[in-house]
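Input: a single structure, listed below in C-alpha cells.
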Amino acid sequence: MTTAAIAGELERLLGAGHVSTDPAELELCSVDFSEQRLATAAVIARPGSTEEVRGIVSIARAHSAPLVPRGASMSYTLGALPQREGSIIVDMRRMNRVLAISVEDLCVTVEPGVTWAQLRTALADCPCEVPFHGTFSGRAATVGGGLGNWAIGWGKGNIATYLIGLEVVLPDGRLLQTGALATNPDHPGLSHYGPDLTRLFVHDAGSLGIKTRACFRLEPKPGGSAYATWGFDDEDRALELMSAIGRLGVATDLFVFGPYHHQVFSSRPKPPASEVRALLATVARGSSSRRNAARNILGLLRGGSLGYLRRWPWSVQTIVDGATQRAADGSMAAVRAAARRLGGRSLPPSLVIAMRTMPFVPIDELIVGMDGECSFPSNCTVALSEGMKLKRALDEFFAARAGFMQEHGLTATRLYLATANAFGAEPIIYWKDRMNALRYSVLTGERRERFGSQPANPAARAAALALRREMVDTVFTPFRPMHVQIGKYYPYRASRQGGDNWSVLEDFKNVVDPTRIMNPGALGLD
Ligand SMILES: Cc1cc2nc3c(=O)[nH]c(=O)nc-3n(C[C@H](O)[C@H](O)[C@H](O)COP(=O)(O)OP(=O)(O)OC[C@H]3O[C@@H](n4cnc5c(N)ncnc54)[C@H](O)[C@@H]3O)c2cc1C
C-alpha cells in the first residue's frame with residue numbers, strides 16, 4: 001500500500017482539507033528543537049473528534065503504518081517525530097475545545113489540542129483554576145503534549161497533580177476511559193473508583209495510545225499572592241535558597257535565572273505605552289482585590305525595565321499563593337527569613353509579577369538566542385538533597401570542555417527550578433547555525449528577518465549534539481534522575497531494564513500494540 005493510497009483513505013475519513021502530504025509541512029513534522037532527524041513524515045492527519053482518531057488508528061492498523069501523535073511539537077527530545085519511514089503524523093490541534101467547566105463539581109474537561117493559553121483564557125472569568133498553569137511554551141504547547149511529556153512549569157505541582165481522568169484511543173482500536181471519566185462522565189468530579197489507570201498514560205511519550213480527552217480538578221483561585229525576588233552574586237547561594245524554599249513547601253512558583261536570562265529579560269525593547277497599559281490592566285484583573293491590584297502594580301512599576309537584573313548574575317524568583325493575602329504574606333515571611341539567612345538582596349519582584357500575568361513567553365525568545373543562536377535545553381530533575389552535587393558535576397563537566405566549546409563556538413547557560421520536593425537543572429547549549437523548519441516557524445517579526453536565513457553550520461551542530469549526549473550520559477545518568485519529556489532521547493529504557501519494572505510495561509505495550517504502530521521508539525519501545 002503506497003502513502004498515496006493511505007492518504008486517500010485518510011481524506012475519505014477526515015475530508016481533504018485535514019490531510020496533508022505537502023513537502024514543506026512534512027518537513028516541519030520531521031524536525032524539532034533537538035536538531036536530530038530520524039525519518040521523514042509521510043502524511044499528516046488532523047482529526048476533529050475521538051471517532052476520527054479511532055478511524056485513523058484503524059487505517060494505520062490495516063496498513064501497519066506507524067502513527068505519531070503530535071501537539072505543537074514544542075519539544076526537544078524527538079517525541080513527536082517519526083522514527084520510521086511511512087509514518088502518519090496525527091496532529092491533534094484541531095481537537096482544541098474546552099468541553100465543560102463545572103464550578104459546582106470542581107472540574108474541567110478538555111480536548112488534548114487545547115493550549116495552556118487557551119485554557120487560561122477559558123478560565124479567566126471563573127472563580128476556579130487548574131492550579132498547575134502550564135508550560136512556559138503554553139502559547140503553542142498543548143495539554144496532550146504536556147501529558148505525553150509530564151509537563152512542569154507554571155503553578156503548583158505538575159500536569160499529573162490535578163489530572164483526574166483521561167480518554168485514550170488505544171493502538172488496538174479500543175476506547176479507554178480512566179479515572180473520573182470512567183466513573184461518571186456526567187459528573188467527572190468523582191475522581192476514581194477502583195484501580196486508576198490514568199497515570200499509566202502520563203509521560204508515556206504517546207507510546208501507549210492517543211489521548212482524546214482530559215479532565216482536571218479545579219480549585220478556587222488564590223485569594224492573595226505574594227511575590228519576591230532576590231539577587232545573588234553567587235550561584236551556590238541562590239541554589240541553596242531555592243532548595244530551602246522548596247523544603248518549606250509553600251511556593252507555587254520557584255525559579256533561579258542566571259546572567260544570560262537576566263540579559264534577555266532586561267534587554268527587551270521598551271514596550272509602547274499601550275502595551276504597558278494593557279499589562280497593568282491585566283495585572284489588576286488578575287489580582288484578588290483592589291488593594292492587591294495596587295500593590296502588584298506598584299511592585300511591577302518599581303522594577304521599570306528590569307535594568308537592575310544586570311547588576312546581579314543570579315536571581316531567585318518566587319510566588320507564594322494563599323487563600324487570603326494575609327495567608328500568602330504569612331507564608332512568604334518564612335521564605336524571606338531564609339533569604340536573609342543566605343544573604344539574598346531583595347529586588348523588585350517585577351519580572352515575576354509580569355510573568356505570572358503573562359506566563360507564556362514568545363517561543364522564539366527562549367529557543368533562539370539573542371544573537372540568533374540555535375539552542376537546546378536539557379532537563380535533569382533530582383532529589384533536593386542531590387541538587388548541589390548535580391550543580392557541581394555540571395560545573396566540572398563544562399569546565400573540562402571549555403576548550404572544545406570555544407573551538408566549536410558553543411556556549412552554555414542554565415536555568416533551575418524547584419517542583420514540589422525536586423531540584424531541576426536545565427543546562428542550555430547554544431551555537432550559531434541555520435534555522436531548521438520548526439525554529440524558522442516560531443521566529444517572528446524583526447527576528448525572522450535578522451536570523452531566518454543564517455548559513456548552516458553542521459560542524460558546530462554536530463559538536464553541540466555530541467556535547468549534549470555526553471552530558472546526559474556521563475553527568476545526568478549516574479544520578480538516576482527523572483527527565484521531563486523522555487521522548488526518544490533520554491535513556492528511560494536503560495534505566496528500567498534488568499527487572500520486572502520494564503517487562504511489565506513492555507507486556508502492557510505488547511497487549512495493546514503487538515505490531516508496534518504507536519509512536520515507535522518513544523520510551524525506547526521500538
Ligand atoms: C520555549 C519553550 C519553553 C518550554 N517550557 C517548558 C516548561 O515550562 N515545562 C516543560 O515541561 N516543558 C517545556 N518546554 C518543552 C515542551 O514545550 C513541553 O514539554 C510541552 O508540554 C510540549 O507540548 P506540545 O504540545 O508541543 O507536545 P509535542 O511536543 O507535540 O508532543 C510531546 C509528546 O506527547 C505526545 N503527544 C502529543 N499529543 C498527544 C496526544 N493527544 N495523545 C498522545 N500523545 C500525544 C507526542 O507524541 C510526544 O511524544 C518548553 C519548550 C520550549 C520550546
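The residues of the chain are indexed from 1 along the displayed sequence. Numbering of ligands and ligand atoms starts at 1, following listing order.
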Can you tell me if Trp154 contacts ligand 1 (heavy atom of the residue under 4.0 Å from the ligand)?
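Trp154: no contact with ligand 1 (<4.0 Å).
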Would you say Val68 contacts ligand 1, with heavy atoms under 4.0 Å as the rule?
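No.
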What atoms of ligand 1 come closer than 4.0 angstrom to any heavy atom of [X]?
X: Thr142; answer: 23 (O), 24 (P), 25 (O)
X: Gly71; answer: 25 (O), 28 (P), 30 (O), 37 (C), 38 (N)
X: Gly148; answer: 34 (O)
X: Asn519; answer: 47 (O), 49 (O)

Would you mind finding which of [options] brings a heavy atom closest to [atom]?
atom: atom 19 (O) of ligand 1; options: Asn149, Thr419, Thr212; answer: Asn149
atom: atom 20 (C) of ligand 1; options: Ala141, Ala80, Pro112; answer: Ala141
atom: atom 47 (O) of ligand 1; options: Gly206, Ala140, Pro69; answer: Pro69

Protein contact of atom 50 (C) of ligand 1 - nearest heavy atom, named by residue and atom, plus distance
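Among all protein heavy atoms, the one nearest atom 50 (C) of ligand 1 is Ser137 OG, 3.5 Å.
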If I take atom CG from residue Asp253 and atom NZ from residue Lys156, how far apart are they, to the nearest 0.5 angstrom?
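Answer for the CG-NZ pair, Asp253 versus Lys156, is 10.5 Å.
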Between Phe451 and Arg439, is there a cation-pi geometry (under 6.0 Å to ring centre, at most 45° from the normal)?
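Judged by the rule, Arg439 and Phe451 form no cation-pi pair.
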